[in-house]
Q: 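Here it is, the structure in full.
Lettering of chains follows the sequences in order, A, B, ..., and the numbering in each one begins at 1.
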Number of protein chains: 2
Amino acid sequence: MSTPGRVRGNYAKTPERRREILEASIEVFSTSGFRSGSLRDIAERVGMSQAGLLHHFANKGELLAAVLRLRDDRAEEFVPIRGADGLATITGFVNLVEHNATVPGLVELHCVLSAEATDPSHPAHAYFVDRYHWVVRDLTRAFEDMRDKGQLAPDVDPASAARAITAFSDGIQVQWLLDRTSVDMAEEMRRFLRPLVTVEI
Amino acid sequence: MSTPGRVRGNYAKTPERRREILEASIEVFSTSGFRSGSLRDIAERVGMSQAGLLHHFANKGELLAAVLRLRDDRAEEFVPIRGADGLATITGFVNLVEHNATVPGLVELHCVLSAEATDPSHPAHAYFVDRYHWVVRDLTRAFEDMRDKGQLAPDVDPASAARAITAFSDGIQVQWLLDRTSVDMAEEMRRFLRPLVTVEI
DNA sequence: GTCTATACATCGATAGAC
DNA sequence: GTCTATCGATGTATAGAC
């Protein structure tokens, strides 16, 4: 009954199992990083052997790629990055930060992997270089739209504001991870944005 | 002639050798992190065996502690954190960021280790929790001093400004590490600070 | 002070039975 | 689809010669 004779494309595998593995991978990679996190640890969390896990993902690098893809899907479904309204993008960004406080695992994953991946030989290096490029680009466009609508404070450069909000967001996450009781990420983020805009945020 | 009979305190060892090892450790830990960085790799860089290295530092954790201590010494010798003048502290902080652009190894070390150490079981976890506490505290005092002297823009909360400049600094370093050609850390930092203060920065 | 040798753990990946 | 068994590489740390 397993792997039925029906020749259907290539691998239907079991999507649920893959999903479980990805969730466990997030847990492990977020606390131990990619290089130190082990396949055995991940496999144990879903109750299978390490060899069994490698039936679903050919190797460790492929698993990492799938984790990053899953992470992006979730973030994008939360932030309306596309769409003409710049203000909506920025408030969506703040909402994402607020939401992130409820999923510490994903925050850890981002912080740990992005730092690890600054090494050019890291398998996710290109991914993160690329990701920051389009994040800053999209946010720049959002601030440009706000500027054109008079929603930006004078002397605020859209590109610098985009870099700044991205940097602030990353940094405040590290502080929050190190001491979750005394840091309110979303509140600090709004306080940071307020001097830059002329509208309620 | 080695380890002479003179009983003098405990270990004079060879400070120069220790220094070499610490430099190599910074290189390795900054690119591979603490958990993935290996003693063998460090030892090779100073031209000795891994066992030889462990003559100078009892174990890997002790080596990490020494690296962090060295890092702090260098930063503190650069920023006048102590001293009544808040503005001097803040400009010193900007100068440190400017200086950091010339020592990418130390920037990497900070980014990688601070992210890795968000895990409570990491050997440097307590160190980083502690460090952020007093960094934010000292910067808060600096901004308070500026406020009292009318150097702070109205509606700027010193504590939030302290968190913000710290977060911004950490985040911009990650972006810089991922793409050093298109990010000017010090310039972005000044642009970030300008709306917060009433003086030239 | 530095080395070789080694003990012992753990890693990713593969082979092959069921 | 999942397992056991195993290979070869690599990790930290220790023992003991020089």
Side-chain angles (χ1 to χ4, degrees), chain A residues 1-22 24-25 27-29 31-67 116 119 121-124, chain B residues 1-22 24-25 27-29 31-67 116 119 121-124:
Chain A
M1 203 68 83
S2 55
T3 17
R6 283 176 125 276
V7 189
R8 34 124 66 226
N10 213 335
Y11 19 71
K13 297 278 168 84
T14 51
E16 317 85 34
R17 213 80 174 99
R18 280 177 63 104
R19 197 52 180 242
E20 288 174 36
I21 294 172
L22 289 177
S25 300
E27 290 178 25
V28 171
F29 289 158
T31 62
S32 303
F34 171 68
R35 293 203 249 233
S36 290
S38 80
L39 297 181
R40 268 181 178 86
D41 189 357
I42 296 168
E44 273 171 21
R45 286 169 197 248
V46 297
M48 72 191 307
S49 74
Q50 176 243 357
L53 188 156
L54 284 176
H55 172 75
H56 298 274
F57 297 90
N59 54 49
K60 202 185 179 189
E62 202 173 279
L63 181 56
L64 174 63
V67 164
E116 205 180 24
D119 177 5
S121 77
H122 193 283
Chain B
M1 202 67 83
S2 55
T3 17
R6 283 178 124 277
V7 188
R8 34 128 63 228
N10 213 336
Y11 20 68
K13 298 274 166 82
T14 51
E16 318 84 35
R17 215 78 174 100
R18 281 178 62 105
R19 200 49 181 243
E20 289 175 37
I21 293 171
L22 289 177
S25 301
E27 290 178 24
V28 172
F29 289 157
T31 62
S32 303
F34 170 69
R35 293 203 249 233
S36 290
S38 80
L39 297 181
R40 249 186 261 277
D41 189 356
I42 296 168
E44 273 170 21
R45 287 169 196 246
V46 296
M48 73 189 308
S49 73
Q50 176 243 359
L53 187 155
L54 284 174
H55 172 76
H56 297 274
F57 298 90
N59 53 51
K60 202 185 180 188
E62 201 172 280
L63 180 56
L64 174 63
V67 164
E116 205 179 24
D119 177 4
S121 76
H122 192 282

Q: So A:Gly61, base contact, sugar-phosphate only, or nothing? Heavy-atom distance under 4.0 Å.
A: nothing
Q: Whole angstrom is fine here: how far is it from NZ in B:Lys60 over to P in D:dT14?
A: 14 Å
Q: Look at B:Glu20 together with B:Arg17 and state whether they make a salt bridge at an N to O cut-off of under 4.0 Å.
A: yes
Q: When you measure from the side-chain N and O atoms of A:Arg17 to the phosphate of D:dT2, is any distance below 4.0 Å, counting only OP1 and OP2?
A: yes
Q: Side chains of A:Arg45 and A:Ile42: closer than 4.5 Å at any heavy-atom pair?
A: no
Q: Kindly point out which of C:dA15, D:dG1, C:dC3 is positioned nearest to the side chain of B:Ser49?
A: C:dC3
Q: I need the A:Glu62 CD to A:Leu54 CG distance, nearest 0.5 Å.
A: 10.0 Å
Q: Consider the side chain of B:Gln50, meaning its heavy atoms from C-beta on, and name the nucleotide among D:dA13, D:dA5, D:dT2 that approaches it most closely.
A: D:dA13
Q: Go through D:dG1, C:dA13, C:dT2 for me and flag the one nearest to the A:His55 side chain.
A: D:dG1
Q: Rounded to the nearest angstrom, tell me the gap between atom CZ in A:Phe34 and atom C1' in C:dC11.
A: 12 Å
Q: Of the nucleotides D:dA5, D:dT2, D:dT14, which one has an atom closest to the side chain of B:Ala51?
A: D:dT14
Q: Whether the side chain of B:Arg40 and the base of D:dG11 hold a donor-acceptor pair under 3.5 Å is what I'd like checked.
A: yes
Q: What is the distance, rounded to the nearest whole Å, between atom CG of B:Asn59 and atom P of D:dT14?
A: 8 Å
Q: Whole angstroms only, please: what is the CG-P distance between A:Asp41 and C:dC11?
A: 8 Å
Q: Check every atom of C:dG12, C:dG1, D:dT12 against the side chain of A:Leu39 and return the nucleotide holding the closest atom.
A: C:dG12
Q: Counting only side-chain heavy atoms from C-beta out, which of C:dG1, D:dT2, C:dA13 sits nearest to B:His56?
A: C:dG1
Q: Could you tell me how far apart A:Ile42 (CD1) and C:dA13 (P) are, to the nearest whole angstrom?
A: 11 Å
Q: Is there a side-chain contact between A:His56 and A:Thr14, using heavy atoms and a 4.5 Å cut-off?
A: yes
Q: Round to the nearest Å and state the distance from B:Leu64 atom CG to D:dT12 atom C1'.
A: 15 Å
Q: Whole angstrom is fine here: how far is it from CG in A:Leu54 over to C1' in D:dC7?
A: 15 Å
Q: Starting from the 5' end of DNA chain C, give me the residue, A:Ser38 or A:Ala58, whose nearest nucleotide shows up first.
A: A:Ser38
Q: Do the side chains of B:Met48 and B:Ile21 get nearer than 4.5 Å, heavy atoms only?
A: yes
Q: Would you kindly give the CD-to-P distance between B:Glu44 and C:dC3, to the nearest whole Å?
A: 12 Å
